[in-house]
Amino acid sequence: MAGPDEFARRVRESADRLSAQGVAALGGLFDLTSVRLVRFAAALTRHQQDAEDAVQTALVKLATQPHLLAAAACPWAYLLQMVRNEALLTARRKQRCTTPGDIGDLLTLCPVDEAEREESYRAIWSALRKLPPQQTEVVILKIWEGLTFAQIGQILETSANTVASRYQYAMEKLSKQLLSERRGVQS
Amino acid sequence: MTTLYHDDSFREVEELIRAAGRYVQPSLDLRPQTLEAARAQCRERLLLRGLQHAAAVVVLLGMFTLHAQRDEAARPPQTDSGQAVSLVRFSPGADEREAPWQMVDSLTDLRRRQAQLLRFDL
């Protein structure tokens, strides 16, 4: 997978293409970002269908107003922010009753050579879903998107200190849960 | 900010989480649905923009017509000078040298007739 800077550069190129070619270039942007956007939104909405709705809404908005993305200082951060806003709106509107840690709604893919790790992946997603969404999003943006606390702070419109603090709390909880589970399995 | 977060303390968990990054995937329907919705939205916007332009043209034409009609209505009836010109009678076939005097005669005649009209009005 591309590093954060390389990925951000590719999103910038895709945003420029979208701005120049219009909706015909949306497929490229979708292929580049959909996996990341859906997993980010799924952590916020706690439901894959809602996450996909949020991603679709954000991308459709961009297709009709591509200059928004092209004009952004960092299109990837802008896109994450858009999807986050849509995800929060969807989550607020739908108010689903879900059990904390339930991941039954997720559409998962585990390559054959990683089959033995599937249980671990499930445990990780379950643990992420048990965290408050404000902590989950920080963990996702930090670990999966490789963003700095300052960059995450810009996306979440909060200070880097608050982001770091949320990350600290989240990681403590995740460490306790995941590592103890892991050691329990190993022993 | 870094006082709260020590890079090494969570390395193991971070690695575990990082490995699960591609476990959740979008559904296969999402791509075609998104592209179709975007195309439909763009078509709708184009149509709406076309309608807006057409409406703007109609409104402008309407305003122009209304303005022209108002101008027409506000224009004073043919001016006295205009009437005067139309009322001045020249006798055809007059000699070129007589033309200025004929003009004087015609205007005198016109004045007389106007005076008569005014007298009738009073």
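Chain letters run A, B, ... following the sequence lines, proteins first and then strands; every chain starts at 1.
When heavy atoms are compared at a cutoff of 4.5 Å, A:Val139 approaches chain B solely by way of its side chain, counted from C-beta outward. Residue B:Ala40: no heavy atom, backbone or side chain, is found under 4.5 Å from chain A. Proximity to chain B (any heavy atom under 4.5 Å) is shown, for A:Leu26, by both the backbone and the side chain. Contacts of B:Arg45 with chain A are made by side-chain atoms alone, with heavy-atom separations under 4.5 Å and no backbone atom involved. If you measure heavy-atom distances from A:Gln65 to chain B, the contacts under 4.5 Å come from the side chain alone. Interface remark: B:Glu15 contributes no atoms to any contact with chain A (heavy atom separation under 4.5 Å). Heavy atoms of A:Glu52 lying under 4.5 Å from chain B belong to its backbone as well as its side chain.
When side chains are defined from C-beta on, A:Trp76 counts as touching A:Thr33, because their heavy atoms get closer than 4.5 Å.
In terms of heavy-atom pairs under 4.5 Å with chain B, the best-connected choice from A:Val38, A:Thr64, A:Val23, A:Leu62 is A:Thr64.
A salt bridge links B:Arg31 with A:Asp31: the distance from a Lys NZ or Arg NE/NH1/NH2 to an Asp or Glu carboxylate oxygen falls below 4.0 Å.
Between the NZ atom of A:Lys61 and the CD atom of B:Gln41 there is a distance of 10.0 Å, given to the nearest 0.5 Å.
Residue B:Val57 shares its hydrophobic cluster (ILVMFWY side chains chained together at separations under 4.5 Å) with B:Leu61.
Relative to the ring axis of B:Tyr23, A:Arg39 does not place its NZ or CZ within 45° and under 6.0 Å from the centre.
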Give the intermediate values and the outcome of salt bridge (charged side-chain N to carboxylate O under 4.0 Å, His left out) for residues B:Arg18 and B:Glu12. CA-CA 10 Å; B:Arg18 193 168 289 118; B:Glu12 195 180 349; over 6 Å; no

